[in-house]
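For this chain, numbers begin at 1 and follow the sequence in order.
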Amino acid sequence: MHAAGRRTGDPSPYGGRSAASVRPPPALPRRGSVGRRVVSGLFWVGLVVAVLPWWLDTPAGSLAGTADVLTAAGRVTGLIAGYLLLVQVLMMSRLGVLERGVGGERLSRVHRDLGATLLVAVLAHLSLLVVGYARTQDNSVTAEVGVLLRDFDDMVSAFVAAGILVLVGGTGIRAVRRALPYELWYHLHLTSYLVLLLGFGHQFSNGAQLFPPGPVRTGWIAGYLLVAAALLWGRLVAPLLLNLRHRLRVADVVAESPDTISIYLTGRRLHQLDLLGGQYLRWRFLTRGCWWQSHPFSLSAAANGRWLRLTVKVVGRHTGDLRDLDPGTRVWVEGPSGTFTAAHRTRDLALLIAGGSGIGPLRAMLEELPPGAALIYRARTPADVLLHHELDWLAQARQTSVWYVIGSRDDPGPRQVMSPDGLRQLVPDLIRRDVYLCGPEGLVESSVRALRQAGVPRRQIHLAPFEL
């Protein structure tokens with residue numbers, strides 16, 4: 001384990017300057033969590049409103065037999081599934097107010113968890129109705145499926161939509177997702193938009209509460225239109241305006257280590273970018289081999305009005321291609337997104353824990369935190385430490401304590417430092433600090449366990465895992 005020195009940054013090949021030579025901006029004021037609470041409240045209110053029509057339309061004592069109960073449960077789960085589907089698509093719309101208010105990383109986690117609930121609701125809706133109708137008509141389940149597909153409008157598309165959801169849900173399993181290339185997983189995931197399209201006709205031609213004309217049907221159609229408008233704005237209009245305004249281009253590509261690069265970008269009106277250290281953007285480099293895919297990367301230096309920088313670890317074909325980007329390459333960008341920022345802290349002091357290339361967003365955040373922050377940087381070898389000249393400069397400029405914890409996860413030194421007692425010894429006022437974690441999943445999970453055992457409240461722990 002090594003303590004930080006006071007060396008200044010080496011000159012960067014871009015413009016003869018280093019990121020450390022830029023004067024740090026003042027600390028950002030805090031932003032509350034009111035937005036997240038409002039969104040959470042609206043979600044639960046919407047869920048109640050979605051199910052309420054069934055409650056009002058179902059007379060007391062009408063659920064007399066097993067078939068009636070099964071059919072009613074199928075209709076309720078259908079309303080829940082329809083509502084969750086709209087919410088899922090809204091979370092995928094990349095609407096700025098959600099991406100920056102709730103946070104893209106939080107939306108990603110909720111989207112994944114809610115997706116499992118949606119899949120269960122759809123399968124329950126399908127199974128309960130088929131069995132309920134079969135008992136009512138005195139048919140076998142197989143015969144009833146045939147009747148539904150043959151005699152009911154838009155039922156084939158509904159079954160296809162359910163199949164797509166099962167496929168997308170399967171790719172959401174962590175082990176499956178890790179085995180798939182990011183680009184394949186991403187494009188398979190986009191097919192979930194077809195579920196909204198295929199399920200639309202079924203809901204309004206067969207839904208007991210949505211088929212009759214009236215305020216309920218009108219309200220659901222309005223919900224579809226609002227979600228479609230959010231999708232159009234977040235995915236197309238807002239990014240188009242952003243890129244026309246700033247016209248980002250690659251200025252330089254700098255090797256930070258054998259497997260890590262920094263990409264410097266310039267553009268127009270960069271001082272007008274509403275961008276915080278720790279946030280990420282989705283980058284599409286418009287050159288051969290890269291233009292057709294978009295990846296999320298965080299900035300590794302706070303915005304300064306002149307250039308932007310992202311530091312990327314080369315782990316696959318796409319990131320390998322980024323080594324060869326030519327100066328002047330056009331860049332299409334979407335964002336920014338995320339609440340992993342200094343502005344969303346709950347305390348004045350902070351502890352930052354980074355692993356490997358996870359130092360990028362934390363290094364940018366250090367420029368915007370109040371003086372007195374602490375940084376623990378985990379790396380396997382000294383050669384794996386990135387941006388150390390800048391970190392040493394920030395240690396002096398921002399009165400930041402910086403510790404480089406070097407060694408494998410099984411070495412006794414790093415294990416002791418990253419234990420609850422080790423963290424308390426290193427940072428005695430640990431429980432009175434916000435803690436920001438960014439790095440490999442194993443480091444994040446073990447650090448969260450140690451922090452919780454050390455007494456740090458969960459609300460003070462902020463995560464930015466590598467996977468989004």
Side-chain angles (χ1 to χ4, degrees), residues 9-10 12-14 18-19 104-105 108 174 177-183 185-186 250-265 277-285 287 289-290 293-302 308-325 329 331 333 335 337-338 340 352-366 375-391 404-409 414 436-447 463-468:
D10 292 338
S12 163
Y14 175 57
S18 73
E105 61 277 270
S108 177
R174 183 168 295 183
R177 179 173 177 177
R178 286 175 177 171
L180 293 175
Y182 174 83
E183 296 80 12
W185 172 86
Y186 176 76
V250 173
D252 201 359
V253 179
V254 179
E256 301 287 356
S257 74
D259 63 352
T260 308
I261 59 173
S262 284
I263 304 172
Y264 288 82
L265 305 110
Q279 289 183 314
Y280 66 89
L281 301 97
R282 294 174 176 88
W283 305 86
R284 188 185 303 273
F285 298 91
T287 187
C290 298
Q293 49 187 309
S294 170
H295 286 254
F297 297 122
S298 300
L299 295 183
S300 59
L308 305 175
R309 185 184 71 182
L310 44 148
T311 299
V312 179
K313 185 177 180 65
V314 177
V315 293
R317 179 175 179 180
H318 175 73
T319 49
D321 290 340
L322 300 183
R323 294 178 187 266
D324 301 321
L325 290 174
T329 298
V331 181
V333 65
S337 178
F340 187 76
L352 288 68
I353 301 177
S357 58
I359 190 62
L362 298 183
R363 180 257 176 266
M365 195 185 302
L366 273 176
L375 169 67
I376 298 174
Y377 188 178
R378 281 285 289 117
R380 185 174 295 274
T381 68
D384 295 323
V385 175
L386 305 173
L387 309 175
H388 67 92
H389 293 299
E390 297 179 19
L391 296 174
Y404 301 108
V405 182
I406 309 300
S408 72
R409 68 179 63 183
Y436 293 85
L437 287 138
C438 187
E441 184 178 358
L443 172 67
V444 171
E445 291 180 351
S446 62
S447 296
L463 307 180
F466 281 0
E467 290 187 11
L468 292 173

- Could you tell me which residues satisfy side-chain contact (heavy atoms from CB on, under 4.5 Å) with Thr287, sequence neighbours excluded, listed by chain and number? Cys290, Leu325, Thr329
- Query: Taking the side chain as C-beta and beyond, is there a heavy-atom pair between Leu322 and His295 under 4.5 Å?
  - Reply: no
- Query: ring pair (Phe, Tyr, Trp, His ring centres under 6.0 Å) with Phe285: which residues, sequence neighbours excluded?
  - Reply: none
- Under the salt bridge (Lys or Arg N to Asp or Glu O under 4.0 Å) rule, collect the residues that match up with Asp384, sequence neighbours excluded. none
- Query: For the residue pair Gly407 and Pro414, what are the closest heavy atoms and their distance?
  - Reply: CA-CG, 4.0 Å
- From SG (Cys438) to CG (Leu362), nearest 0.5 Å: 5.5 Å
- Task: Please round to the nearest 0.5 Å and tell me the distance separating atom CG of Leu352 and atom CG of Leu375.
- Result: 6.0 Å
- At what distance, to the nearest 0.5 angstrom, does CG of Leu386 lie from NZ of Lys313? 7.5 Å
- Query: Is the backbone of Gly335 close enough, under 3.5 Å, to the side chain of Tyr280 for a donor and an acceptor to pair up by distance?
  - Reply: no
- Item | Distance in Å, Ile263 CD1 paired with Ile261 CD1, rounded so as to fall on 0.5 Å steps | 4.0 Å
- Atom OG of Ser446 and atom CG of Leu437: how far apart are they, to the nearest 0.5 Å? 9.0 Å
- Message: If you apply the rule side chain to side chain contact (heavy atoms under 4.5 Å, CB included), what do you find for Asp321 with Gln293, and how did you get there?
- Response: CA-CA 12 Å; Asp321 290 340; Gln293 49 187 309; 5.9 Å; no
- How are the rings of Phe340 and Tyr436 set to each other: parallel, tilted or perpendicular (split at 30° and 60°)? perpendicular
- Query: Can you name the nearest heavy-atom pair linking Ile353 to Ser447, along with the distance?
  - Reply: CG2-OG, 4.2 Å
- Short question: side chain of Tyr264, backbone of Leu310 - any donor-acceptor pair under 3.5 Å? no
- Message: Could you work out, with side chain to side chain donor-acceptor pair (under 3.5 Å) as the rule, every residue matching Ser257, not counting sequence neighbours?
- Response: Asp259, Thr260
- Query: Taking only residues two or more places apart in sequence, or in another chain, which ones meet Val314 in a side-chain contact (heavy atoms from CB on, under 4.5 Å)?
  - Reply: Thr319, Arg323
- Query: Is there a side-chain contact between Leu463 and Val444, using heavy atoms and a 4.5 Å cut-off?
  - Reply: yes
- Taking every non-hydrogen atom, the tightest pair across Gly278 and Ala364: N-CB, 4.4 Å
- Query: Backbone N or O of Ser408 within a donor-acceptor pair of the Arg380 side chain at under 3.5 Å?
  - Reply: no
- side chain to side chain donor-acceptor pair (under 3.5 Å) partners of Thr311, counting only residues at least two apart: Ser262, Ser300
- Message: Can you tell me if Arg284 has over 12 outside heavy atoms packed within less than 6.0 Å of its CZ?
- Response: yes
- Query: Rounded to the nearest 0.5 Å, what separation is found between the CD atom of Glu256 and the CD1 atom of Ile359?
  - Reply: 12.0 Å
